There are 2 protein chains.
Amino acid sequence: MADGGAEKPIRTAITSDDGIDLSIIELFFFAYRDFTSDPDQILADYGFGRAHHRVLHFVNRMPGLTVAELLDVLKITKQSLARVLKQLIDTGHIVQVQGPRDRRQRELYPTAKGRALALALARPQSRRIHDALEGASAGDRSAVERFLKAMVNPELRTQIDNLPANGAGKIAGKGNGDQ
Amino acid sequence: MADGGAEKPIRTAITSDDGIDLSIIELFFFAYRDFTSDPDQILADYGFGRAHHRVLHFVNRMPGLTVAELLDVLKITKQSLARVLKQLIDTGHIVQVQGPRDRRQRELYPTAKGRALALALARPQSRRIHDALEGASAGDRSAVERFLKAMVNPELRTQIDNLPANGAGKIAGKGNGDQ
DNA sequence: AAAAATACGTCAGCACTGTTGACATAGTTT
DNA sequence: AAACTATGTCAACAGTGCTGACGTATTTTT
């Protein structure tokens, strides 16, 4: 700034009086930080990070999805995905299968190993959620779900609805035909 | 893996039947991603990132806190903090004041510029929350707050309670004496 | 059949944010 | 005086995101 160095310190705190919903902003930050800390610890043992977790999770949730579809869910570039996906394939957590209709496509599937890791990562998160909802009524739970869903950009809510057993039965156009 | 390359693909999706609370896990991921995207766009104009946002936010929420206290809130190393804090000081968003009792300490305060930016960053987040809670009852809102708080590690809940106008009046031991 | 578009992979370089480890300097406590 | 504490800083590294560019296989369009 170099304005003589005399910027006056403001000694009062921002409060809810400023018209900002500070409590939920801060709660959301702390909650998400701790929510991700559980899997982070497990991932460290594998030399993986959060990006691996997300890829593994959605491949397990939507087996057979293509690279392009995965990019669309994660909203990252293919170069970002390439690094982590390659590692997951090299370590035998995910396999690629050439697309039956369009042979340019690569369908992504978890292996038994990949399924096991995905579940191991989801377990502590699910437990934390379960504990957090202890004593909550069905209405409370529903309020939490509605809130979280409403926090998502409207264009993306469709994606969420298309996940299996989240309201939709199966993913359209994909034969989830049990191995 | 090099086991002959024949890891069998699993073609079934993980579902709630696996005993995992998938809907909230996924909702939380998407919700947080979009929640942070609003300020991210503003920050880009300043050449700042999410780390700057967090520092700025808590300095505005707890003016006069020391470097050590800030590290304790953010749970990062001082080397990580140093980089972003230096930038915020150099750009005139934050000022340091030598601690009155212990002159080794640096109390951190926002400037008018820093306060303005903090509010500009909080505004879209607050609006998103407000919109997400549209049509929600007081009980719904309370359920959401209780849930988020319960998601935080128990040891850290005290920190949250000590933020001004989140249940506590003032920060213990700090004279928030209005400039 | 040739041309254009698509799906994917990859190389190279960069930015942001987190980590360890080591060391320096002031100021406080013992 | 010695030990401890609060802060700053240098250096190196990891993880994950980005852009830009280019190559190859395959499908679609002309």
Side-chain angles (χ1 to χ4, degrees), chain A residues 29 32-34 36-37 39-59 64-91 94-108, chain B residues 29 32-34 36-37 39-59 64-91 94-108:
Chain A
F29 164 63
Y32 194 75
R33 184 180 65 180
D34 289 349
T36 52
S37 71
D40 281 356
Q41 298 215 307
I42 299 170
L43 289 159
D45 298 338
Y46 293 77
F48 290 161
R50 244 174 242 187
H52 299 84
H53 184 186
R54 296 198 276 261
V55 170
L56 195 56
H57 179 90
F58 286 107
V59 168
L65 89 174
T66 65
V67 171
E69 287 167 342
L70 183 53
L71 289 175
D72 195 50
V73 171
L74 298 177
K75 303 283 176 216
I76 58 174
T77 60
K78 66 174 172 178
Q79 294 92 328
S80 295
L81 174 61
R83 257 182 319 224
V84 303
L85 181 56
K86 192 174 191 313
Q87 287 179 278
L88 287 167
I89 291 169
D90 289 348
T91 52
I94 291 179
V95 286
Q96 285 178 318
V97 175
Q98 200 171 49
R101 293 177 244 298
D102 187 335
R103 295 188 321 200
R104 289 171 304 180
Q105 295 181 331
R106 306 295 146 88
E107 295 184 343
L108 303 174
Chain B
F29 164 63
Y32 194 77
R33 184 179 64 178
D34 290 348
T36 52
S37 70
D40 281 356
Q41 297 215 306
I42 300 171
L43 289 159
D45 299 338
Y46 293 77
F48 290 161
R50 242 175 245 186
H52 299 84
H53 184 185
R54 295 198 279 262
V55 169
L56 195 56
H57 179 90
F58 286 108
V59 167
L65 90 173
T66 64
V67 171
E69 286 167 343
L70 183 52
L71 289 174
D72 195 49
V73 171
L74 298 176
K75 303 283 177 217
I76 58 173
T77 60
K78 65 174 173 179
Q79 294 93 327
S80 294
L81 174 61
R83 254 180 325 222
V84 302
L85 181 55
K86 192 173 190 314
Q87 288 178 277
L88 287 167
I89 291 169
D90 289 348
T91 52
I94 290 179
V95 286
Q96 286 179 317
V97 175
Q98 201 171 48
R101 296 177 242 297
D102 186 335
R103 295 188 320 202
R104 288 170 306 181
Q105 294 182 331
R106 306 294 146 89
E107 296 185 343
L108 303 173

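Basis for what follows: all heavy atoms, side chains included, without hydrogens, waters or symmetry-related copies. Note that the coordinates shown come from a computational prediction; the quantities given were computed from them, not determined experimentally. Chain identifiers are assigned alphabetically (A, B, ...) following the order of the sequence lines, protein sequences preceding nucleic acid strands; residue numbering begins at 1 within each chain.
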B/R103 backbone acceptor or donor facing B/Q98 side chain under 3.5 Å: yes

Options C/dT19, C/dA7, D/dT7, nucleotide nearest the side-chain atoms of B/S80: C/dT19

Touch class at under 4.0 angstrom, heavy-atom based, for B/R83 against every strand present: base

Whole-Å distance separating the CG atom of A/L70 from the P atom of D/dT16: 14 Å

Whole-Å gap separating C1' (C/dT20) and CD1 (B/I76): 15 Å

Residue A/R54, side-chain atoms from C-beta onward, closest of D/dT16, C/dT17, C/dC8: D/dT16

Length of the CZ-C1' vector between B/R101 and D/dT7, whole Å: 18 Å

Distance in angstrom units between A/K86 NZ and C/dC8 P, rounded: 17 Å

Listed nucleotide nearest any side-chain atom of B/A51, set C/dT17, C/dG27, C/dA22: C/dT17

Under 4.0 angstrom between A/Q96 side-chain N/O and C/dG9 OP1 or OP2: yes

Euclidean distance, atom CZ of residue A/R103 to atom P of C/dG9 [Å, nearest integer]: 16 Å

Under 4.0 angstrom between B/T77 side-chain N/O and C/dG18 OP1 or OP2: no

Whole angstrom value for the distance that separates P of D/dC18 from CD of B/Q41: 13 Å

Given D/dG8, C/dG9, D/dT26, the nucleotide with the shortest approach to the side chain of A/K78: C/dG9

Nucleotide C/dT25, atom C1' - distance to CZ of B/R106 in whole Å: 10 Å

Sugar-phosphate, base or nothing in reach of B/Q87, heavy atoms under 4.0 Å: nothing

Nearest-Å distance for atom pair CD/C1', residues B/Q79 and C/dT17: 13 Å

A/H52 and A/F48 aromatic ring geometry - parallel, tilted or perpendicular at 30°/60° bounds: parallel

Test item: B/D102 and B/T66 side chains (from C-beta on) under 4.5 Å apart, heavy atoms: no

Sugar-phosphate, base or nothing in reach of A/H52, heavy atoms under 4.0 Å: sugar-phosphate

Test item: B/S80 side-chain N/O and B/I76 main-chain N/O as donor-acceptor pair under 3.5 Å: no

B/R50-B/T36 side chain donor-acceptor pair, cut-off 3.5 Å: yes

5' priority, DNA chain D, between A/R104 and A/K75 [closest heavy atom]: A/K75

